[in-house]
Amino acid sequence: MTSDVKKKTERYSPEAIEAKWQRRWAASGLHQTPDVSDKPNFYFLTMFPYPSGEVHVGHWYAYAPADTAARFMRMRGHNVLFPMGFDAFGLPAENAAIRRKMHPAVWTEKNMAHMREQFNTMGVAIDWRREVVTCYPEYYRWNQWMFLKFLEDGLAYRAMAPVNWCPKDQTVLANEQVIAGRCERCETPVIKRDLEQWFLRITKYADELLRFDDIDWPERVRIMQTNWIGRSEGAEIAFAVDGHAGETIRFFTTRPDTIYGATFMVLAPEHPLVAKVTASTRRSEVEAYVARARLMEEIERTSTERAKTGVDTGAFALNAFTGDKVPIWVADYVLATYGTGAIMAVPAHDERDFDFAKRYKLPIREVISPDGREHAALDAAYLGEGVMVRSGRFSGMRSEEGKRAVAEEAERRGIGGPSVTYRLRDWLISRQRYWGTPIPIVYCDSCGIVPVPESDLPVVLPRDAPFTAEGGNPLARVESFVRTTCPRCGQPARRETDTMDTFVDSAWYMYRYVDPKIETSFMNKEVGRRWLPVSQYTGGIEHAILHLLYMRFVCKALRDLGELWFDEPALRLQNQGIIVFGGKKMSKSRGNVETPDVYVGQYGADTLRLFMMFMGPWTEGSDWDAAGIEGSHRFLSRLWTLGVDEPSPGPRDREIDRAIHRTIRKVTDDLEGYRFNTAIAAMMELTNALQHARGQSRDDGIDALVLLVSPFAPYIAEELWERRGGKDSVHRQAWPSFDAALAAADEVTLVIQVDGRLRDRVTARVGLSEPAAKEIALSSEKARKAIDGQEIERVVVVPDRLVNIVTRRRS
RNA sequence: GGGCGAGUGGCGGAAUCGGAAGACGCGUUAGCUUUAGGAGCUAAUGCUCGAAAGAGCGUGAGGGUUCGAGUCCCUCCUCGCCCACCA
């Protein structure tokens with residue numbers, strides 16, 4: 001190698017070189033990705049952050065490894081798009097406005113400015129020209145546009161429904177945002193309220209969302225989404241209400257085969273028939289029960305620990321199969337939002353119904369028998385399959401068969417038939433908050449609900465609004481916004497003041513990155529065709545259901561509107577685990593963030609990047625503990641010392657060459673599988689080996705290391721590349737290739753076991769024949785001592801690995 | 001309660017296929033270097049016995065399959081995540 005190599009005495013000082021390269025890279029536009037190049041395009045997307053104010057260690061954990069993977073793809077010959085933006089609408093901005101008297105827009109801008117700088121410090125290769133910020137009207141007008149398109153197509157609708165309400169945040173929440181009965185953001189227990197709200201019809205795509213055939217996503221995410229969608233097959237059947245002509249109770253069941261055991265019915269407290277059918281003598285008690293249920297927090301209400309409660313309506317339904325009059329009860333263990341909000345209760349074959357029947361002394365009737373015989377009484381519900389008994393003409397039929405037979409019989413009689421139900425609910429997108437996308441709707445006294453014409457978009461969020469701690473939507477109090485004229489009749493009208501769930505924003509941002517400035521469409525489709533769908537997506541596992549499900553839904557909906565030409569937004573997905581600090585996921589809102597600044601100041605960004613990837617497997621997550629960061633820094637210091645060393649002319653060294661090629665192979669394989677920790681370990685090993693090497697092989701090894709380390713630690717690699725006389729940028733170099741022949745060993749350690757216990761090891765040449773290996777093993781002094789005169793039963797030889805001498809003694 | 005995943009040195013973690021358990025790193029110990037502190041370098045470091053050579057034990061517990069099990073099978077325990085009265 002030529003050039004001005006410095007004396008070994010110069011120490012690694014990251015501060016100087018990191019600042020230097022930040023300037024130079026920005027000046028040279030190194031991170032700008034062209035839409036067309038001589039290389040194949042690869043869209044590497046990573047979930048964009050909420051601008052909470054600071055890039056903390058949790059962000060580094062998400063973005064540094066993603067950047068490393070993107071840089072790796074670049075070096076492997078792809079034209080990689082690696083964009084970044086901000087998911088900039090949301091509640092924390094509004095809360096900050098109340099607390100600090102700072103407008104959400106100002107707070108958000110300030111945070112984004114700070115975070116852009118911090119991303120720059122991290123050395124992430126972002127093409128900032130393509131930045132997307134969701135709180136700008138240029139962006140959110142397309143939320144509004146999509147909403148209008150969805151509305152036209154029946155994919156958006158307004159409905160009165162029991163919804164989740166967070167009393168603290170004073171807003172409704174989507175099902176996906178209720179975690180264990182609590183608000184996802186503030187952890188306040190959620191209650192149910194009946195409100196008229198806007199929904200997106202995600203359930204239309206339930207079946208398609210269950211298919212993952214064309215995408216390479218982690219099994220874990222696929223299972224979580226599948227469970228969340230919760231497809232159940234069964235039957236929907238209606239029983240007539242006794243004494244109310246024409247009135248029926250529809251219910252869904254996965255066990256139509258148990259219908260002869262339906263000895264009562266249960267309605268959810270919110271069920272519309274409750275008021276209608278309740279007998280006058282029972283009215284006050286039923287009303288009191290319903291009122292109590294509505295006020296109850298969801299955690300308590302849906303707790304499986306709590307004893308089941310209910311009240312008798314005094315009304316009866318007619319079991320269409322047995323002909324019996326069965327009592328109708330109201331109980332909160334039946335959910336208004338699942339199925340039809342009503343069930344046929346079969347205590348003999350359902351645990352919940354069994355408990356309820358025991359408590360309220362309702363009849364229990366066995367209709368499925370494991371052994372085909374009828375039993376007098378049951379100690380517990382029998383949930384398994386069996387033979388139908390006491391089931392009229394179906395008696396004697398296997399329950400598996402009975403499911404279909406009963407559903408078909410119901411269909412013949414015009415009272416129901418086979419049916420499928422999902423756990424998935426339509427996506428409730430209305431939020432009673434200010435800092436979000438206004439829903440483009442006008443309410444007119446004469447025309448009703450009127451969509452804002454597309455030509456009037458965007459409906460701009462007004463800047464001045466009263467931010468107070470009293471709650472209520474500040475937007476509803478902005479008279480100049482609320483008062484408008486009806487687009488249809490021109491009469492005075494009121495605007496919708498609810499804003500959209502911010503998950504709407506993030507459900508399509510990947511389309512905007514390709515050309516964030518385009519004003520004629522949500523996406524520049526001409527450019528989009530070069531990039532989409534996303535080649536590789538990365539992000540936290542915590543979005544397995546929320547964002548990742550919405551994003552798939554919006555993609556399919558836009559496809560059906562003729563706006564997209566693919567079925568899935570991201571072909572491959574890789575999740576990183578969660579970084580836990582003080583027992584919780586690290587996040588600003590949880591107040592447990594660890595700032596990277598102190599580590600960057602002490603060790604440099606390269607060291608912190610490397611350490612985040614070395615801590616453990618990225619996909620598993622980690623407990624944050626900075627102990628050990630020294631090791632990553634020492635590694636880079638050693639690499640530095642090697643890198644700035646004088647070249648050492650001399651002969652090649654076969655062992656070192658082998659180590660170099662093995663390392664290239666290992667790091668390549670590991671990066672393909674996102675195994676950053678073991679890739680780094682391999683580079684450390686090579687570094688250690690090179691310390692003692694001399695000659696050409698040493699220099700080649702150092703050159704290889706500079707390339708290998710460059711996606712992990714971009715600054716030091718670039719500096720060493722320059723100092724060692726490299727042309728252009730290290731980040732524009734091709735990934736080193738390995739020679740399998742050079743990587744191969746010509747000697748191996750042959751392990752000699754006696755009865756499975758290690759007794760000796762000998763060095764042998766690769767490819768030794770079995771008899772030769774056997775002979776070597778049997779001539780081993782240590783092995784002979786262990787055999788100790790026992791008769792040899794057999795000898796197992798695993799070529800190039802081990803020989804196991806099995807004696808008679810072991811039995 | 002259901003689903004998924006995991007339990008390996010003092011610590012973080014390695015270990016394609018069933019074939020050398022503990023790579024790599026932290027920490028610790030000793031030595032070199034330094035006025036000192038720090039940093040750096042060299043070596044040792046699973047546990048027990050032993051001066052050593054060596055021997056025994058060892059991947060949550062127990063059983064099994066196998067010449068051979070961290071890895072496969074069964075039972076159980078613990079932890080994490082997701083779902084959780086979903087009919």
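Given the structure is predicted, the values throughout are model-derived calculations rather than measurements. In what follows, chains carry the letters A, B, and so on, assigned in the order in which the sequence lines appear, proteins first and then strands, with residues in each chain numbered from 1.
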Integer angstrom distance from the [atom1] of [N] to that of [M]:
N: G1(B); M: U66(B); atom1: C1'; answer: 37 Å
N: C26(B); M: C17(B); atom1: P; answer: 29 Å
N: A61(B); M: G10(B); atom1: C1'; answer: 23 Å
N: G70(B); M: G60(B); atom1: C1'; answer: 12 Å
N: G38(B); M: G46(B); atom1: P; answer: 26 Å
N: A15(B); M: U29(B); atom1: C1'; answer: 27 Å
N: U45(B); M: A52(B); atom1: P; answer: 13 Å
N: G5(B); M: G56(B); atom1: P; answer: 38 Å

Can you tell me how far [atom2] of [Y] sits from [atom1] of [X], rounded to the nearest 0.5 angstrom?
X: Arg675(A); Y: Asp669(A); atom1: CZ; atom2: CG; result: 7.0 Å
X: His349(A); Y: Asp257(A); atom1: NE2; atom2: CG; result: 8.5 Å
X: Arg658(A); Y: Glu747(A); atom1: CZ; atom2: CD; result: 8.0 Å

Next on the checklist: Determine whether the aromatic ring centres of residues Phe356(A) and Trp329(A) are separated by less than 6.0 angstrom.
Outcome noted: yes
Looking only at the side chains, is there a donor atom on one of [X] and [Y] sitting less than 3.5 Å from an acceptor on the other?
X: Glu594(A); Y: Tyr599(A); answer: yes
X: Tyr260(A); Y: Asn319(A); answer: no
X: Thr538(A); Y: Gln574(A); answer: no

Checklist entry - Which listed nucleotide (A23(B), A87(B), G25(B)) is nearest to the side chain of Leu335(A)? => result A87(B)
Checklist entry - Between G25(B), A87(B), C82(B), which one does the side chain of Met684(A) approach most closely? => result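 Looking only at heavy atoms from C-beta outward on Met684(A), the closest nucleotide is G25(B).
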Checklist entry - Taking the inter-plane angle between the rings of Trp217(A) and Phe212(A) on a 0 to 90° scale, is it parallel (under 30°), tilted (30 to 60°) or perpendicular (over 60°)? => result tilted
Between [X] and [Y], is any pair of side-chain heavy atoms under 4.5 Å apart?
X: Val420(A); Y: Arg231(A); value: yes
X: Gln576(A); Y: Met47(A); value: no
X: Thr263(A); Y: Asp353(A); value: no

Item to check | Base-contact (B) and sugar-phosphate-only (S) positions in nucleotides 38-48 of chain B, heavy-atom cut-off under 4.0 Å, - elsewhere | outcome: -SSSS------
Checklist entry - Which letters describe nucleotides 7-22 of chain B, given B = protein heavy atom under 4.0 Å from base, S = only from sugar-phosphate, - = neither? => result -----BSS----BB--
Checklist entry - Looking only at side-chain N and O atoms, does Arg794(A) come under 4.0 Å of OP1 or OP2 in C67(B)? => result yes
Checklist entry - Taking OP1 and OP2 of A84(B), is either one under 4.0 Å from a side-chain nitrogen or oxygen of Arg423(A)? => result yes
Given atom [atom1] of [X] and atom [atom2] of [N], what is their separation to the nearest angstrom?
X: Trp228(A); N: C4(B); atom1: CH2; atom2: C1'; result: 17 Å
X: Ile680(A); N: C26(B); atom1: CD1; atom2: P; result: 13 Å
X: Glu781(A); N: G54(B); atom1: CD; atom2: P; result: 13 Å
X: Leu383(A); N: A87(B); atom1: CG; atom2: P; result: 12 Å
X: Glu236(A); N: A87(B); atom1: CD; atom2: P; result: 14 Å
X: Asp760(A); N: G54(B); atom1: CG; atom2: C1'; result: 13 Å
X: Ile223(A); N: G5(B); atom1: CD1; atom2: C1'; result: 10 Å
X: Glu300(A); N: A84(B); atom1: CD; atom2: C1'; result: 16 Å

Under 4.0 Å, heavy atoms only, any strand: does [X] hit a base, just the sugar-phosphate, or nothing?
X: Val346(A); value: nothing
X: Arg757(A); value: sugar-phosphate
X: Arg759(A); value: sugar-phosphate

Between [X] and [Y], does at least one N-O distance fall below 4.0 Å, as a salt bridge requires?
X: Glu270(A); Y: Arg301(A); result: yes
X: Arg222(A); Y: Glu219(A); result: no
X: Lys192(A); Y: Asp332(A); result: no

Next on the checklist: What does the 5'-to-3' dot-bracket notation of RNA chain B look like when only Watson-Crick and G-U wobble pairs under 3.5 Å count, and pairs to other strands show as |?
Outcome noted: (((((((..(((......[....)))((((((.......))))))((((....))))..(((((..]....))))))))))))....
Checklist entry - Closer to the 5' end of RNA chain B via nearest nucleotide, is it Ala681(A) or Val334(A)? => result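 The residue closer to the strand's 5' end, by nearest nucleotide, is Ala681(A).
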Item to check | Syn/anti state of C17(B) by chi, 90° boundary around 0 | outcome: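 The base of C17(B) is oriented syn (glycosidic angle within 90° of 0).
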Checklist entry - How should the glycosidic conformation of G12(B) be described, syn or anti, under the criterion that syn lies within 90° of 0? => result anti
